[in-house]
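The structure appears right after this line, and notes come after that.
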Protein chains: 2
Amino acid sequence: MSDSQKFPVAAHALAYLAHKHAFSPDRAVASAELAASMPTNPVVVRRVTAMLGKAGLIGARAGANGGAWLLKPPEAITLDVVLRAVNGCAHLGVAPPGVKGCPVGEKIPDAVRAAITAADTAAADRLAQISVADLLASPGCPAVA
Amino acid sequence: MSDSQKFPVAAHALAYLAHKHAFSPDRAVASAELAASMPTNPVVVRRVTAMLGKAGLIGARAGANGGAWLLKPPEAITLDVVLRAVNGCAHLGVAPPGVKGCPVGEKIPDAVRAAITAADTAAADRLAQISVADLLASPGCPAVA
DNA sequence: AGGAACTGAAACTGTTCCAATTACATAATG
DNA sequence: CATTATGTAATTGGAACAGTTTCAGTTCCT
């Protein structure tokens, strides 16, 4: 992990569903339509929506007139939850294990790891202040400015 | 970019130099010694130290008894500067370009990009509160806790 | 002067990760 | 029952990266 596009795709898909008012199965949006608005491949979208579904953010139904819809109001879906749903994180790399026996080589990696975790947490905290509804309210939205 | 180990390697190297009190050319530490404490390859270390050198954080001298040393006190080197020096960033992915002509497909990517940038900035701000000196002062250091 | 130690840079290799594609089983609609 | 769509698996091609090797240039020591 992780130069992945999962998070942007997930955020875009959720915002698109919100814009289409897909709040119930009868307003489901097919993965092909979501993919067309990125643009990307329908299978890529389904890989992401499957994860969002497991996280309880969206529902999906197979078959004719099927597709995905939101299970929560857009204001209630914050982007840190989306990031965790797709297993993403603000990856700055993984601290090397260090050398056993060397007091410096052992303790520094722990400190570096802690610093990376702190940065990761700060990014998640910032994303927690932004909801899917905010993404639609651009431009000039104070929450994403 | 960027599942890179550059940032952890850079942070480890700087902390190691600080621990060795390598503050002048006559106390230079060879890339082989730095690499041995990670552990990793000397060339990998040199690729990173070259970037740190261009950023003005360290000096390096070739030849016998050569190596790298710090140009600034450890307390004056914050980790956000280190991250920028190695061209790293808290990458959450790149927002897809969107589809022209579709008002939704065009505006959502901008909003997603803005959200990613906000998270990136928050991570950098957090790293700015941690110095190389803090990495050595572990454990229980409030700046990295 | 000559040898040893070291950086810096380039080229190459093997691995890993990812987007995209293809294919197929399953499920729901009409 | 045909159509539409999800979900999953396998495969392909490309990009990024760590590690290695090699070489030229630099500096120290004897």
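Owing to the predicted nature of the structure, the values given are computational and were not obtained by experimental measurement. Below, chains carry the letters A, B, ... as their sequence lines are ordered, and counting in each starts from 1.
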For this session: For the side chain of A:Arg61, starting at C-beta, report the closest nucleotide among D:dT6, C:dT29, D:dT8.
Result: C:dT29
Exercise. C:dA10 base to B:Arg47 side chain: any donor-acceptor pair below 3.5 Å?
Worked result: no
For this session: Nearest whole angstrom, please: distance from the P of D:dT27 to the CH2 of B:Trp69.
Result: 10 Å
Problem set entry | Separation of B:Leu71 CG from B:Leu57 CG (nearest 0.5 Å) | 8.0 Å
For this session: Could you tell me the separation between the CD atom of A:Glu33 and the P atom of D:dT6, rounded to a whole number of Å?
Result: 10 Å
Exercise. Separation of A:Asp26 atom CG from C:dT29 atom C1', in whole Å?
Worked result: 14 Å
Exercise. Between D:dG7, D:dG19, D:dT3, which one does the side chain of A:Ala64 approach most closely?
Worked result: D:dT3
For this session: Take atom CG of A:Asn87 and atom C1' of C:dC18, then tell me their distance rounded to the nearest Å.
Result: 15 Å
Exercise. Between A:Gly63 and B:Lys54, which has a closest nucleotide on DNA chain C that is more 5'?
Worked result: B:Lys54
Exercise. Roughly how far, to the nearest 0.5 Å, is the CG atom of B:Asp26 from the CG atom of B:Asn65?
Worked result: 10.0 Å
For this session: Return no unless some side-chain N or O of B:Arg46 is found under 4.0 Å from OP1 or OP2 of C:dG8.
Result: no
Exercise. Parallel, tilted or perpendicular: which fits the ring planes of A:His12 and A:Tyr16, with parallel below 30° and perpendicular above 60°?
Worked result: parallel
Problem set entry | B:Leu14 and its side-chain contact (heavy atoms from CB on, under 4.5 Å) partner, picked from B:Val9, B:Leu52, B:Leu136 | B:Leu52
For this session: Look at the side chain of A:Ser4 and decide which nucleotide, out of D:dG25, C:dC18, D:dG19, has an atom nearest to it.
Result: C:dC18
Exercise. Atom CD of A:Gln5 and atom P of D:dG14: how far apart are they, to the nearest Å?
Worked result: 18 Å
Exercise. Would one find a side-chain N or O of B:Thr40 under 4.0 angstrom from OP1 or OP2 of D:dG19?
Worked result: yes
Exercise. Whole-Å distance between C:dC18 P and A:Phe7 CZ?
Worked result: 16 Å
Problem set entry | Nearest listed nucleotide, side chain of B:Ala50, among C:dT29, C:dT21, C:dA9 | C:dA9
Seminar exercise, completed: Regarding the side chain of B:Val44, the nearest nucleotide among D:dG19, D:dT21, C:dG8 is D:dG19
Problem set entry | B:Thr117 versus B:Asp120, side-chain donor and acceptor atoms under 3.5 Å | no
Exercise. Which nucleotide in the set C:dT29, D:dT6, D:dC17 lies at the smallest distance from any side-chain heavy atom of A:Asn65?
Worked result: C:dT29
Problem set entry | A:Ile58 CD1 to D:dA5 C1', straight-line distance once rounded to whole Å | 14 Å
Exercise. Taking CG from B:Leu17 and P from C:dT7, how many angstroms apart are they, rounded to a whole number?
Worked result: 11 Å
